[in-house]
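Along the sequence shown, residues are numbered consecutively beginning with 1. These values consider heavy atoms only, across backbone and side chains, with no hydrogens, waters or symmetry-generated copies.
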Amino acid sequence: MLPPILEIFVLWHPGDQRGADFAETIFDHFMKGSTFSGVIGGGVQVSLRSAGWEGPGTAPRPVYAEGRAAPNGIRPASFVAVVPLLGTEMAACVEDVNTQWHAYVNAIRDLQQESPDRVGVFPYALDAGATHGTNLQDILGNFQFVAAGNPERNGEDVKSMLCRDLTQGLAQLVSPDEMDRLTAFISHTKRHSQEEGEDVDALVDLVREVIRNTRLNDFFDANDLQPGTDWDQELRDKSGTSAMLALRTDLYSSREWCQREVVIAKTHGMPVIMMDAIGVGEERGSFLMDHVPRIAVRRADGRWQRQDVYRALNLLVDECLKRALWMHQKDLAHERPELDVAWWAPHAPEPLTLSRWIDAYLAQNGDDDSDDTVRILHPDPPLGPEERDVLTNYARTTRLGREIDIMTPRQLATRGG
């Protein structure tokens with residue numbers, strides 16, 4: 001329904017057999033998972049470039065970007081990312097400056113240099129020898145490689161690291177706000193129950209250690225701030241380029257400070273990932289803590305599982321890219337005024353965020369006697385019927401005094417717009 005935001009071109013030489021396997025991993029992450037299906041169709045697309053366009057031995061189909069001719073007049077994506085999977089076969093072809101492959105890889109570098117704010121290049125080395133003293137290294141060596149560390153040493157699968165590094169780079173490329181590096185806010189209890197003992201401290205230490213081993217090595221924790229620092233303002237200032245990783249242990253939901261951190265994050269559109277580390281149990285819980293993606297983290301043999309933390313960080317990065325894509329789609333919607341969306345909610349509304357939005361909407365538009373229904377659009381997955389009824393009934397009791405229609409892009413499409 002809207003022009004595409006991001007297209008990812010995955011490039012590998014057909015002779016580099018591992019390239020197809022890694023290309024499939026990238027394709028599945030962005031195209032088959034549930035996270036990015038939640039944005040409007042075209043939010044992110046993955047195109048594969050390997051087979052020769054003009055026959056065996058030739059270079060693949062070109063990469064299309066704004067300012068370059070695309071087939072059949074199709075509008076290129078607003079942002080383009082190229083992921084070259086660098087193997088020895090590609091290196092051998094590029095070594096000969098007279099080959100199409102040499103020209104093709106050069107064209108990718110030139111495309112990025114022409115539009116550094118719109119085009120990103122994220123190489124991955126399939127074989128170390130492909131980038132040691134080769135023309136391929138000379139052409140692409142200045143770009144930051146993804147999954148360049150040693151994930152196995154830190155207890156992580158290389159494909160997990162590849163997808164997270166790539167997604168983080170894409171989020172930084174696409175983010176509407178100026179963003180050097182995504183920041184993770186760690187939210188956790190500062191004091192623990194007797195039952196929890198040292199378990200919470202061990203989990204916090206593990207999360208910090210894992211983050212330091214990733215490119216998410218910038219993080220904030222209220223315990224790290226100097227006395228007098230405004231933690232609330234720090235959250236607000238960085239909400240557009242950050243996400244919160246909340247460690248929900250037994251006492252987390254009952255702590256006023258933890259509730260406050262989650263409220264600030266939610267009402268400022270910051271993705272929140274809840275790590276469910278409840279051990280003994282909660283006395284009541286908190287409605288402020290729910291309605292966010294949740295990852296279970298558990299102990300085995302008395303130790304928190306490192307893989308659970310990696311899963312939470314991967315989801316956190318995915319949610320940041322999803323938010324950035326969604327905000328760009330909001331801007332592009334000006335081309336489709338018939339969509340008539342009053343609120344492009346970055347997450348499915350809940351009483352907390354709906355009430356804050358209604359206050360802001362009335363402050364901007366004043367009390368409106370119109371009987372028109374107010375349309376609210378949010379990414380998939382959709383709310384359940386009972387959830388929608390609660391929010392609709394709540395909206396009627398406020399000064400808004402109008403019907404609200406809450407839907408996802410898929411639901412909007414089934415209605416014909």
Side-chain angles (χ1 to χ4, degrees), residues 2-13 19 22-23 26-27 29-31 36 39 42-50 53 59-86 90 94 100-125 131 135-148 162-182 215 241 317-318 320-329 331-332:
L2 293 174
I5 303 298
L6 170 66
E7 185 159 11
I8 305 168
F9 293 91
V10 186
L11 169 68
W12 75 99
H13 190 281
F22 279 84
I26 295 170
F27 183 90
H29 181 77
F30 292 100
M31 301 302 293
F36 301 106
V39 295
V44 59
Q45 297 290 331
V46 177
S47 297
L48 306 180
R49 294 290 189 267
S50 180
W53 195 23
R61 180 186 295 268
V63 169
Y64 304 107
E66 286 190 345
R68 303 257 179 133
N72 303 319
I74 297 174
R75 180 173 175 178
S78 301
F79 296 89
V80 165
V82 184
V83 186
L85 304 175
L86 310 182
M90 182 188 292
V94 174
Q100 288 189 17
W101 272 95
H102 186 279
Y104 194 94
V105 174
N106 263 310
I108 290 172
R109 178 192 59 190
D110 294 344
L111 181 64
Q112 194 280 332
Q113 291 177 346
E114 290 171 11
S115 305
D117 296 333
R118 293 282 175 173
V119 178
V121 178
F122 305 93
Y124 172 70
T131 55
N135 281 338
L136 195 58
Q137 170 69 18
D138 292 340
I139 298 171
L140 299 179
N142 288 333
F143 296 107
Q144 188 171 43
F145 282 47
V146 293
L162 170 62
C163 290
R164 184 183 61 253
D165 278 2
L166 176 57
T167 304
Q168 182 178 347
L170 295 173
Q172 291 166 186
L173 173 68
V174 174
S175 176
D177 299 311
E178 191 171 329
M179 179 179 179
D180 292 327
R181 181 166 291 183
L182 190 153
R215 287 191 178 164
T241 57
V317 173
D318 285 348
C320 286
L321 176 56
K322 179 180 176 180
R323 173 190 56 187
L325 294 171
W326 185 253
M327 300 314 293
H328 277 290
Q329 290 189 322
D331 294 338
L332 283 175

Q | With Val46, the side-chain contact (heavy atoms from CB on, under 4.5 Å) member among Ile8, Leu6, Val83 | A | Ile8
Q. Side chain of Gln329, backbone of Ile5: donor and acceptor closer than 3.5 Å?
A. no
**Q.** Contacts of Tyr104 that satisfy ring-ring contact (aromatic ring centres under 6.0 Å, His included) - sequence neighbours left out
**A.** none
**Q.** Where Ala77 and Val80 come nearest, the two heavy atoms and their spacing
**A.** O-CG2, 4.5 Å
Q. Do Trp101 and His13 come within less than 4.5 Å of each other through their side chains, counting heavy atoms only?
A. yes
Q | For Arg109, all residues meeting side chain to side chain contact (heavy atoms under 4.5 Å, CB included), sequence neighbours excluded | A | Asn106, Gln113, Ile139, Phe143
Q: Taking the side chain as every heavy atom from C-beta outward, state whether Asp331 and Met327 have any pair of such atoms under 4.5 Å apart.
A: no
Q) Considering residues at least two apart in sequence or located in another chain, which fulfil the side chain to side chain donor-acceptor pair (under 3.5 Å) criterion with Thr131? A) none
Q: Could you pull out all residues at least two apart from Asp318 that satisfy side chain to side chain donor-acceptor pair (under 3.5 Å)?
A: His29
Q) Nearest 0.5 Å, what's the OG1-CG distance between Thr167 and Leu321? A) 6.0 Å
Q: Would you check if the side chain of Arg49 reaches a backbone N or O of Pro62 as a donor-acceptor pair within less than 3.5 Å?
A: yes
Q | Sequence-distant partners of Trp12, ring-ring contact (aromatic ring centres under 6.0 Å, His included), two or more places apart | A | none
**Q.** Nearest-0.5 Å distance, CG of residue Leu11 to OH of residue Tyr124
**A.** 15.0 Å
Q. Among all residues two or more places apart in sequence or in another chain, which pass the ring-ring contact (aromatic ring centres under 6.0 Å, His included) test with Phe9?
A. none
Q) Looking at residues at least two apart in the chain, or sitting in another chain, which of them share a side chain to side chain donor-acceptor pair (under 3.5 Å) with Glu7? A) Ser47
**Q.** Set of residues satisfying ring-ring contact (aromatic ring centres under 6.0 Å, His included) with respect to Phe79, sequence neighbours excluded
**A.** His328
